[in-house]
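From a predicted model like this one, the values you see are computed outputs, not experimental measurements.
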Amino acid sequence: PDIHSLRDAAARAGLRPEADWSYGKILDELLTAFVEPKLIQPTFLTDYPTLFPGSTLAKAKPDNVDEVERFEAFAGGIEIANAFSELNDPLDQRARFEAQMMARAAGDEEAQPLDEDYVTALEYGLPPCGGLGIGIDRLVMLLTDSPSIRDVIAFPTLRPR
């Protein structure tokens, strides 16, 4: 992927990509800024790029290693769920962690650190599995038509802005 062309296209669209943003980070920010707010009806986005932040632990699709078995559910312009098949190949997982470490060294604060214990555990074996995360606070926002998550969390004064 040509990061310079993507960075230029993002800037033309009105996004201000920072110098240390990776290709996946730029795609994620474009999605967040221009697509997600328009997903009013319940919508599932599937087949995320492997390069996306949040795809580090997701299993690659068998027919396309550039995409992962992942989906996110949206409604009312907000993400309400994230799910994926767990990556259980220790070699692939190590390579993804190492790529994340390079991104972290380049300034990406959201990049995940290498988790040696997790990779070791994968070497012993992890059966096929998956996970689903549903934000209860976001569901409450959706059901109560609340514009801010601070309106629905239990102790908003204790939460950082």
Side-chain angles (χ1 to χ4, degrees), residues 15 18 21-104 108-161:
L15 191 69
E18 296 180 20
W21 285 6
S22 67
Y23 190 89
K25 173 73 171 170
I26 296 170
L27 285 177
D28 187 37
E29 292 294 329
L30 286 167
L31 178 72
T32 300
F34 300 110
V35 178
E36 289 178 10
K38 295 179 175 142
L39 300 177
I40 305 305
Q41 296 298 319
T43 306
F44 291 90
L45 297 183
T46 63
D47 303 333
Y48 276 77
T50 306
L51 299 172
F52 247 54
S55 293
T56 305
L57 300 173
K59 181 181 283 191
K61 293 178 70 180
D63 58 338
N64 184 357
V65 296
D66 294 329
E67 294 178 352
V68 293
E69 297 176 350
R70 176 180 175 199
F71 75 82
E72 289 183 332
F74 294 86
I78 60 172
E79 176 191 331
I80 56 174
N82 181 23
F84 55 86
S85 298
E86 297 282 346
L87 175 58
N88 57 0
D89 178 343
L91 298 176
D92 189 359
Q93 186 63 74
R94 178 176 296 283
R96 294 216 207 152
F97 275 143
E98 288 171 352
Q100 287 284 302
M101 291 298 292
M102 289 186 345
R104 183 178 278 276
D108 184 354
E109 295 176 8
E110 295 177 12
Q112 295 183 4
L114 174 62
D115 187 339
E116 233 11 280
D117 292 335
Y118 184 69
V119 174
T120 300
L122 288 179
E123 289 171 350
Y124 283 98
L126 175 69
C129 58
L132 169 66
I134 299 176
I136 299 301
D137 46 5
R138 292 172 185 255
L139 281 176
V140 173
M141 281 178 64
L142 183 65
L143 295 172
T144 61
D145 198 26
S146 297
S148 170
I149 199 166
R150 295 178 61 80
D151 296 338
V152 301
I153 56 178
F155 301 100
T157 57
L158 299 177
R159 304 284 184 175
R161 291 188 184 266

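- Rounded to the nearest 0.5 Å, atoms CG (D89) and CZ (R94) are 11.5 Å apart.
- Residues N82 and Y48 form no side-chain contact, since every pair of their non-hydrogen atoms from C-beta on lies 4.5 Å or further apart.
- Here the closest non-hydrogen pair linking A111 and A103 is CB-CB, 4.1 Å.
- The two residues A83 and L132 come nearest to each other via the heavy atoms CB-CD1, 3.6 Å.
- Summarising the local packing, CD of E123 is surrounded by more than 12 heavy atoms from other residues, nucleotides or ligands at distances under 6.0 Å.
- The side chain to side chain donor-acceptor pair (under 3.5 Å) search around T144 returns S146, not counting sequence neighbours.
- Residue D137 holds its CG atom at 12.0 Å from CG of D151, rounded to the nearest 0.5 Å.
- The CD1 atom of I136 sits 14.5 Å away from atom CD1 of I153, with the distance rounded to the nearest 0.5 Å.
- Counting only residues at least two apart or in different chains, ring-ring contact (aromatic ring centres under 6.0 Å, His included) contacts with residues 64-103 comprise F44-F71.
- In plain terms, the two heavy atoms of T56 and Q93 that are nearest each other are O-NE2, 3.2 Å.
- Of all heavy-atom pairs spanning S55 and P49, the tightest one is OG-O, 3.4 Å.
- Scored by the salt bridge (Lys or Arg N to Asp or Glu O under 4.0 Å) test, E69 finds no partners at all (sequence neighbours excluded).
- Residues P128 and N88 meet the side-chain proximity criterion, which asks for heavy atoms closer than 4.5 Å.
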Would you give me the side-chain donor-acceptor pairs under 3.5 Å for residues 25-41, sequence neighbours excluded?
{"residue": "K25", "atom": "NZ", "partner": "E29", "partner atom": "OE2", "Å": "2.8"}
{"residue": "T32", "atom": "OG1", "partner": "D28", "partner atom": "O", "Å": "2.9"}

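- Proximity of P113 to M101: side-chain heavy atoms (C-beta onward) are separated by under 4.5 Å at one or more points.
- Distance check, rounded to the nearest 0.5 Å: NZ of K61 to CD of E67 gives 4.5 Å.
- Nearest approach of L122 to P90, heavy atoms of both residues: CB-CB, 3.9 Å.
- Here A121 pairs with nothing under the side-chain contact (heavy atoms from CB on, under 4.5 Å) rule; sequence neighbours left out.
- Interatomic distance, CG of L45 versus CD of E79, reported as 9.0 Å (0.5 Å rounding).
- One finds the OG atom of S85 at 12.5 Å from the CG atom of L57 (value rounded to the nearest 0.5 Å).
- Scanning for salt bridge (Lys or Arg N to Asp or Glu O under 4.0 Å) contacts around D66 gives an empty result, with sequence neighbours left out.
- Taking the side chain as every heavy atom from C-beta outward, V68 and T50 approach each other to under 4.5 Å.
- Looking only at side-chain heavy atoms (C-beta outward), R138 and V152 stay at 4.5 Å or farther from each other.
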